[in-house]
Structures are given as C-alpha cells and as structure tokens.
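Numbers here are sequence positions counted from 1.
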Amino acid sequence: MRYVLVTFLLLITLITTAQTTPADKTYSFEACVTSFDPAKVDSTKVGYQFWFADKNFTDGRTIKMSVVEPGKSTHAPHQHPQDEFFFVLEGTAQFYLDGKTVEVGPYTSLYCPSNSMHGISNAGDTPLKYLVMQKYEQ
C-alpha cells in the first residue's frame with residue numbers, strides 16, 4: 001500500500017507538470033524509470049539523499065528522497081523563491097512554517113509556499129525518510 005501511494009504521488013506530480021517539459025527533449029524508456037540504488041546516494045552530515053530526478057533531468061522539476069538521523073535536520077529554517085513539497089514516507093517529522101510547528105508521521109504532505117520560512121527535522125527516534133519536490137527556475 002505504501003509504495004502504491006508513493007508511486008501515485010510521483011505520477012501525479014509528473015503528469016500535472018508534463019506540459020512544461022521542453023518539446024525538443026527526448027527521453028529513453030530507461031531514463032524514465034529510476035529505482036533507489038544505495039550505491040548512488042549522496043551522504044550528508046545528518047544522513048543521506050537520493051535524487052530520483054535532479055533539476056537537469058527535465059526543466060528544473062526535482063524529486064529527491066532525504067533521510068535524516070534522529071534529532072537532526074538537514075539545515076535551519078530558510079526560504080527561497082520556489083515553492084516546495086515534502087512527503088513523509090517513514091518516521092516523525094517536525095515541520096516549521098512561518099513561526100508555527102507541527103509533528104507529523106508517514107503519508108503526510110507538507111507544502112512550503114514561495115518565499116515562506118520553512119524547515120523540517122527528525123522529531124523521532126528512528127530515521128526520518130521523506131520526499132522533496134520542487135521546481136528550480138532555469
């Protein structure tokens with residue numbers, strides 16, 4: 001059930017933004033399927049991340065999985081011009097948005113509007129695993 005939900009979320013994200021894909025770019029079938037590969041993770045100071053689609057794959061749209069150790073966060077609350085979605089897969093996240101916080105568990109979507117002060121940290125005692133989806137301007 002969990003993987004069905006995640007797959008559905010990823011498909012919806014890609015389908016709803018498909019019209020912005022450059023018309024002159026072609027994709028092989030193999031390039032359109034990305035499976036998690038532990039050998040391709042990027043280590044961070046607080047865990048690791050894995051890019052399912054980096055900003056060079058399409059037109060700036062990205063999907064990344066972040067894994068954060070208990071009691072840590074990837075960085076302090078911050079803001080940027082692009083909006084951003086988080087989708088919690090496993091663990092307990094503390095989400096900060098413009099002065100308010102909430103703790104949430106798996107299968108929770110968190111939206112960060114453009115230029116809002118936001119952050120996410122691991123509030124549990126197991127690794128926090130979540131997807132990050134955003135579109136960088138090209």
Side-chain angles (χ1 to χ4, degrees):
M1 175 68 177
R2 177 172 86 190
Y3 295 105
V4 171
L5 183 60
V6 171
T7 301
F8 176 74
L9 179 67
L10 291 173
L11 287 173
I12 292 299
T13 301
L14 292 173
I15 290 169
T16 58
T17 57
Q19 67 276 10
T20 62
T21 301
D24 59 343
K25 187 164 184 174
T26 59
Y27 297 90
S28 69
F29 178 79
E30 293 75 18
C32 293
V33 178
T34 304
S35 296
F36 177 74
D37 181 350
K40 294 181 180 178
V41 301
D42 295 326
S43 294
T44 67
K45 294 179 183 179
V46 298
Y48 65 88
Q49 59 188 8
F50 179 82
W51 292 91
F52 288 95
D54 68 20
K55 61 185 173 183
N56 297 315
F57 180 66
T58 59
D59 63 344
R61 287 173 284 146
T62 63
I63 301 174
K64 168 179 73 172
M65 180 175 66
S66 287
V67 179
V68 178
E69 297 170 4
K72 301 195 176 179
S73 61
T74 55
H75 42 69
H78 63 287
Q79 62 189 59
H80 40 71
Q82 68 272 18
D83 64 348
E84 184 172 38
F85 272 100
F86 300 133
F87 183 80
V88 179
L89 299 169
E90 297 176 12
T92 304
Q94 181 178 50
F95 177 61
Y96 172 88
L97 181 66
D98 289 333
K100 296 181 181 180
T101 60
V102 65
E103 282 191 14
V104 299
Y107 311 116
T108 303
S109 170
L110 305 163
Y111 178 63
C112 311
S114 175
N115 294 311
S116 64
M117 202 59 145
H118 65 278
I120 187 169
S121 59
N122 187 340
D125 56 5
T126 61
L128 170 64
K129 188 181 290 186
Y130 61 97
L131 297 176
V132 181
M133 294 163 274
Q134 62 183 304
K135 182 178 187 288
Y136 293 86
E137 293 303 318
Q138 297 277 307

Compare every heavy atom of [Y] with every heavy atom of [X], then report the nearest pair and how far apart it is.
| X | Y | answer |
| --- | --- | --- |
| F87 | Y107 | CZ-CA, 3.7 Å |
| Y27 | C32 | CB-SG, 3.6 Å |
| G124 | P70 | O-CB, 3.3 Å |

Checklist entry - In terms of side-chain geometry, is the basic nitrogen of R61 or D59 positioned less than 4.0 Å from the acidic oxygen of its partner? => result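 Looking at D59 together with R61, the answer is yes, because their closest N to O distance falls below 4.0 Å.
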
Please check if the side chain of [X] supplies one atom and the backbone of [Y] the other of a donor-acceptor pair under 3.5 Å.
| X | Y | value |
| --- | --- | --- |
| T92 | A123 | no |
| D98 | M117 | yes |
| N122 | T126 | yes |

Checklist entry - Do F36 and L89 share a hydrophobic cluster, counting only Ile, Leu, Val, Met, Phe, Trp and Tyr and linking them when any side-chain heavy atoms are less than 4.5 Å apart? => result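 As far as the 4.5 Å side-chain criterion goes, L89 and F36 are connected within one cluster.
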
Checklist entry - If you group Ile, Leu, Val, Met, Phe, Trp and Tyr by side-chain heavy-atom gaps below 4.5 Å, do M65 and V41 land in one group? => result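 Yes: a chain of side-chain contacts under 4.5 Å links M65 to V41.
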
Item to check | Min side-chain heavy-atom separation Y111-S109 under 4.5 Å | outcome: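 In short, these two side chains do not touch, never coming nearer than 4.5 Å.
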
Checklist entry - Around D37, counting heavy atoms of other residues, nucleotides and ligands shown, do more than 12 lie under 6.0 Å from its CG? => result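 Counting neighbours around CG of D37, more than 12 heavy atoms of other residues, nucleotides or ligands fall under 6.0 Å, so yes.
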
For residues 74-81, please give each side-chain donor-acceptor pair under 3.5 Å, one per line with the distance, not counting sequence neighbours.
| residue | atom | partner | partner atom | Å |
| --- | --- | --- | --- | --- |
| H75 | ND1 | H78 | ND1 | 3.1 |
| H78 | ND1 | A76 | O | 3.3 |
| H78 | NE2 | H118 | NE2 | 3.4 |
| H80 | ND1 | Q82 | O | 2.8 |
| H80 | NE2 | E84 | OE1 | 3.2 |
| H80 | NE2 | H118 | NE2 | 3.3 |

Straight-line distance of [X] [atom1] to [Y] [atom2], nearest 0.5 Å:
| X | Y | atom1 | atom2 | value |
| --- | --- | --- | --- | --- |
| I63 | D54 | CD1 | CG | 11.0 Å |
| S121 | E103 | OG | CD | 8.0 Å |
| S116 | Y96 | OG | OH | 9.5 Å |

Item to check | Aromatic contact, F50 with F52 (centres under 6.0 Å) | outcome: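 Yes, the ring of F50 comes within the 6.0 Å limit of the ring of F52, centre to centre.
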
Next on the checklist: Connecting only ILVMFWY residues whose side-chain heavy atoms lie within less than 4.5 Å of each other, what is the rest of V68's hydrophobic cluster?
Outcome noted: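 Joined to V68, directly or through intermediates: V46, F86, V88, F95, L97, V102, V104, L110, I120, L128, Y130, V132.
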
